[in-house]
Amino acid sequence: LYFNDLYGRFGTTLEKAYKAVGMDTTNGKDYIQLLNIDKSRMDLFRDNHPREFYEYALGDLGLHELTLNLKDLMNDILFECFDLEEVYRNYREYPGSVGSLVNDIFLRVIHKQYPDVLRSCCLLSTTANSGKSKQLEQYREQILKGEDSYIVSKRMAKCKGIVHGIGMASIPAFFPGHYGLNDTSPFCAIIQGGRAIKEDSTDYLYEDVLDIDLQSAYGSSLESFDYPIGIPTIFSISNDRPEKVTLKEFLRLNNDELIPGIYVIYVSGKITHKQDLIFSKYGLTSNQIGGKIIRGHYDDNEDGIESRLGGKFLLTSQEIHLGIITSHTLEVLEKVCSSKEYKEWMELEVQAAAYYPKSLEMSLDEWAMAHNTIEKIGNNGPQGDERSRYWCRYPLGNFIGKILKKRLYYKSKRKEDPVYECKQDRLKLLINTLYGDIASPYFAIGNTIVANNITASVRTDAWKMSKALGTKITVTDGGLYTPNL
């Protein structure tokens, strides 16, 4: 028995999915309105209007044709964007959700552009589950025997508990015993979400307001970022013997190695002045995070994909708890703080950090060549971890840039042929889903460093916009403001 989650697969309503491939959406649906049918009593509809009822019911039997048409549409798009030929041959091969579709496309593009990189990533894969070690060894042996790295990657994806080597900075990669033991390294799994607050707490009625948005905030941000591949360098503190390392001291020791957009620092402490730039994460300990990762039990709630680990994402004015410092936020602090205020920020304690050192960067081809054998943590755990920290970067512009460019082309042609409207709509869905995949614990391409830098850049831009325009409310990449104050 094969179940097909159509909503998850299409990422939209049935009516919009039909429209996306130019199929007729009526199929008797008009009878519901014409006959004033109570949809909670479809039995009466069947008994009183049998011909209309069966015509209505048969309308849902086009689902198989719909799936095939969407598959063909996506195959056309992938060929036009990346020269990938007949990616999905049948509906069973077509991924079951938009998230898994984007993850699959990303891996396919890496495989096409840099096949040796994906091969080395497979060899780098690891697991927190000792019961999966034998299976992981089999996958590694398959790679060493010359099997296709994309095919092996698909097999890995079906084996829960294995961390694919392309996602060594993903949420599952920060399991206890990987980058540290009984320490703060699991804090590096935390991802903070967008800025969504009431900027003006004094009024509750706003008149003559405009709604302003940052154009293509996440799409544009994604295009400008790099996706680091390899094992990140982790700074953590022992839970048994916590040591105080200030942000100033951490930057003094590591600033030459920190690359904008490819590091994240978690800080805590109190300040005497009021701030509304840096958000905090409360209600989580490193052991709690580690436990969730080991069990693979993540919170599914409506607070956003960044809330998978639980806890509260709050803005507190004079206390920072697991606040995130990136190159974007640090630049703002340097430019807007007084010398006294900046000094207070520098005195915050660093709880954890993850980054890819400038001195250890290699080209994609060099990295693949240097990592063509199996590297293991070793019997002594993190203390004996001698795996290479050399890394490489894949420009996300090579992936999302092509999608953005092709979408603009489709939009320019949509008046000539309705199919272009369908295609640009599907590409928009891929663009909006890529960040979600990078921030998710469920996909191989997850990366908390990239995800945090993307959200920090949008949060910072939204903060700047709020200060410049005096927005009353900010929601992620937009807000309400009154012009001509």
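The chain is numbered in sequence order, starting from 1.
Put simply, the side chain of I197 reaches to within 4.5 Å of the side chain of F279, judged on heavy atoms. Taking the side chain as every heavy atom from C-beta outward, L107 and I166 approach each other to under 4.5 Å. Using a 4.5 Å cut-off on side-chain heavy atoms (C-beta onward), V163 and S125 make no contact. Taking 4.5 Å as the limit, every side-chain heavy atom of H328 sits out of range of all side-chain heavy atoms of W463. Side-chain contact between I259 and E361 is present, with at least one heavy-atom pair separated by less than 4.5 Å. R387 is listed as a side-chain neighbour of M168, based on a closest heavy-atom distance under 4.5 Å. Side-chain atoms of T455 and Y435, non-hydrogen and from C-beta on, do get closer than 4.5 Å to each other.
Defined by atom type and a distance below 3.5 Å, a donor-acceptor pair is present between the side-chain atoms of Y394 and Q113. S359 and E257 share a donor-acceptor pair across their side chains, judged by distance under 3.5 Å alone. Between the side chains of N182 and N239, at least one donor-acceptor pair of N or O atoms lies under 3.5 Å. Side-chain contact annotation: S97 with S100, donor-acceptor N/O pair under 3.5 Å present. With hydrogens and angles left out, the side-chain atoms of T316 and H321 include no donor and acceptor closer than 3.5 Å. If you check the side chains of Y355 and N254, you find a donor sitting under 3.5 Å from an acceptor. There is a side-chain donor-acceptor pair under 3.5 Å between T474 and E199.
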Report the C-alpha distance between Q135 and Q138 in whole Å, list the side-chain angles of each, state the deciding distance to 0.1 Å, and finish with yes or no for side chain to side chain donor-acceptor pair (under 3.5 Å).
CA-CA 5 Å; Q135 185 68 59; Q138 291 177 357; 3.2 Å; yes

Any chance you could lay out the side chain to side chain donor-acceptor pair (under 3.5 Å) test for S466 and T471, step after step, and finish with the verdict?
CA-CA 5 Å; S466 174; T471 56; 2.9 Å; yes

Stepwise, does the side chain to side chain donor-acceptor pair (under 3.5 Å) test hold for H273 with E344?
CA-CA 9 Å; H273 63 281; E344 289 188 342; 2.7 Å; yes

Under the criterion side chain to side chain donor-acceptor pair (under 3.5 Å), I'd like the reasoning laid out for T127 against N129: C-alpha separation, chi angles, the key distance, then a yes or no.
CA-CA 5 Å; T127 182; N129 187 339; 5.7 Å; no

Working note: F187 + F174, criterion ring-ring contact (aromatic ring centres under 6.0 Å, His included); need CA distance, chi angles, decisive distance, verdict.
CA-CA 8 Å; F187 282 149; F174 292 101; over 10 Å; no

What verdict does the side chain to side chain contact (heavy atoms under 4.5 Å, CB included) test give for C122 and R140, after you've listed the backbone C-alpha separation in whole Å, the side-chain angles of each residue and the deciding distance to 0.1 Å?
CA-CA 7 Å; C122 289; R140 287 169 170 166; over 6 Å; no

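For R108, the side-chain hydrogen bond (donor to acceptor under 3.5 Å, both in side chains) partners two or more places apart in sequence, or in a different chain, are D104, Y150. When the side-chain contact (heavy atoms from CB on, under 4.5 Å) test is applied to A353, the partners found at least two apart in sequence or on another chain are F235, F250, I265. Looking at residues two or more places apart in sequence or on another chain, you find no side-chain hydrogen bond (donor to acceptor under 3.5 Å, both in side chains) involving W391. The side-chain contact (heavy atoms from CB on, under 4.5 Å) test applied to E349 returns K244, Q351, not counting sequence neighbours. Checked against ring-ring contact (aromatic ring centres under 6.0 Å, His included), H371 has the following partners two or more places apart in sequence or in another chain: W367.
A salt bridge links E80 to K423: one of the charged nitrogens lies within less than 4.0 Å of a carboxylate oxygen.
To the nearest 0.5 Å, the span separating CD1 on I293 from CZ on R308 amounts to 14.0 Å. A distance of 10.0 Å separates CD1 of I438 from CZ of F225, quoted to the nearest 0.5 Å. Note that CD of Q424 is 9.5 Å distant from CD1 of I77, once rounded to the nearest 0.5 Å. Remark: I289 CD1 to I294 CD1 distance equals 13.0 Å, nearest 0.5 Å.
For K406, the NZ atom sits in a packed shell: over 12 heavy atoms of surrounding residues, nucleotides or ligands are nearer than 6.0 Å.
The aromatic rings of F106 and F399 lie perpendicular to each other, with more than 60° between the two planes, well past the 30° mark.
Here the rule is side chain to side chain contact (heavy atoms under 4.5 Å, CB included) with H164, and of L118, T126, N103, V152 only L118 fits it.
Counting only residues at least two apart or on different chains, the side-chain hydrogen bond (donor to acceptor under 3.5 Å, both in side chains) pairs with a member in residues 259-268 are Y266-N452.
One N or O on the side chain of K292 and one on the backbone of L309 form a donor-acceptor pair closer than 3.5 Å.
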